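One structure is given below, encoded as structure tokens.
Sequence positions, counted from 1, serve as the residue numbers for this chain. All values derive from a computational prediction rather than experimental measurement. Excluded from the calculations below are hydrogen atoms, water molecules and symmetry mates; all remaining heavy atoms, backbone and side chain alike, are included.
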Amino acid sequence: MRILFDNNIPRGLRRLLCDHEVSISADLGWEELANGTLLALAEQTGFDVLLTADQGVRYEQNLTSRQIAIVVLGSNLWSVLKARGSEIAAKVAVARPGSCEFLDFPEAHKRRLR
């Protein structure tokens, strides 16, 4: 599966998704693209999944006719994500074109409140 990391995803997460081909949007020169443009370009270039921590994308984009899936992470804190790598990999594995999967990480909310 080809996965595109949005700018807000820590690069270290790539190691936890080693069964997939992972690209970073900034490495492709796509760091300034708006969500709709990023999705369209990712789709056109054959990505299967956009992995992002931008929780607003779930409400901004109509995915009905999209050929790409979105997996939204409830945090982009590396300390939280590396502990939940298997859950993230499982969500990516079930993501289907036109779907938006969300993973909440309640422990990340607690860390922000401290």
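With a 4.5 Å cut-off on side-chain heavy atoms, Ile24 and Ile9 do not count as touching. The side-chain heavy atoms of Ser25 and Leu33, taken from C-beta on, include no pair separated by under 4.5 Å. Residues Phe47 and Ile3 have side chains not in contact (no heavy-atom distance under 4.5 Å, counting atoms from C-beta outward). When side chains are defined from C-beta on, Arg66 counts as touching Leu39, because their heavy atoms get closer than 4.5 Å. Counting heavy atoms from C-beta outward, Ile88 and Val71 have side chains that stay 4.5 Å or more apart. You'll find the side chain of Leu4 stays beyond 4.5 Å of the side chain of Thr52, heavy atoms only. Side-chain atoms of Asp48 and Ile68, non-hydrogen and from C-beta on, never get closer than 4.5 Å to each other. With contacts defined as side-chain heavy-atom distances shorter than 4.5 Å, the pair Val72/Glu101 does not qualify.
A distance-only check finds a donor-acceptor pair linking the side chain of Asn76 to the backbone of Asn8 [under 3.5 Å]. Side-chain N or O atoms of Glu43 include one that pairs as donor or acceptor with a backbone N or O of Gln67 at under 3.5 Å. Side-chain atoms of Asp6 never come within 3.5 Å of backbone atoms of Leu51 as a donor-acceptor pair (strictly under, hydrogens ignored). Judged by distance alone, with hydrogens and angles left aside, the side-chain atoms of Gln55 form a donor-acceptor pair with the main-chain N or O of Gly74 at under 3.5 Å. One N or O on the side chain of Arg2 and one on the backbone of Thr45 form a donor-acceptor pair closer than 3.5 Å.
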- Criterion side-chain contact (heavy atoms from CB on, under 4.5 Å) on Asp27 and Arg11, from CA distance to verdict: CA-CA 11 Å; Asp27 293 347; Arg11 290 174 181 261; 2.8 Å; yes
- Query: Do Ile70 and Ser99 pass the side-chain contact (heavy atoms from CB on, under 4.5 Å) test, and can you show the C-alpha distance, the side-chain angles, and the key distance before you say yes or no?
  - Reply: CA-CA 6 Å; Ile70 299 176; Ser99 71; over 6 Å; no
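Inspection of the Glu31 and Asn7 side chains reveals no N or O donor paired with an N or O acceptor under 3.5 Å.
Summarising the geometry of Ser75 relative to Leu81, their closest heavy-atom pair is O-CD2, 3.5 Å, with the distance given to 0.1 Å. Of all non-hydrogen atoms in Arg96 and Ala93, the two that sit nearest each other are NH1-O, 3.3 Å. Closest of all the heavy-atom pairs between Trp30 and Leu38 is CE3-CD1, 3.7 Å. Nearest approach of Leu16 to Trp78, heavy atoms of both residues: CD1-CH2, 4.2 Å. Counting all heavy atoms, side chain and backbone alike, Leu73 lies closest to Phe102 at C-CE1, 4.4 Å.
Here Arg14 contributes atom CZ and His20 contributes atom NE2; the two are 13.0 Å apart, rounded to the nearest 0.5 Å.
Residues forming a side-chain hydrogen bond (donor to acceptor under 3.5 Å, both in side chains) with Arg84 (at least two apart in sequence, or on another chain): Glu87, Glu107.
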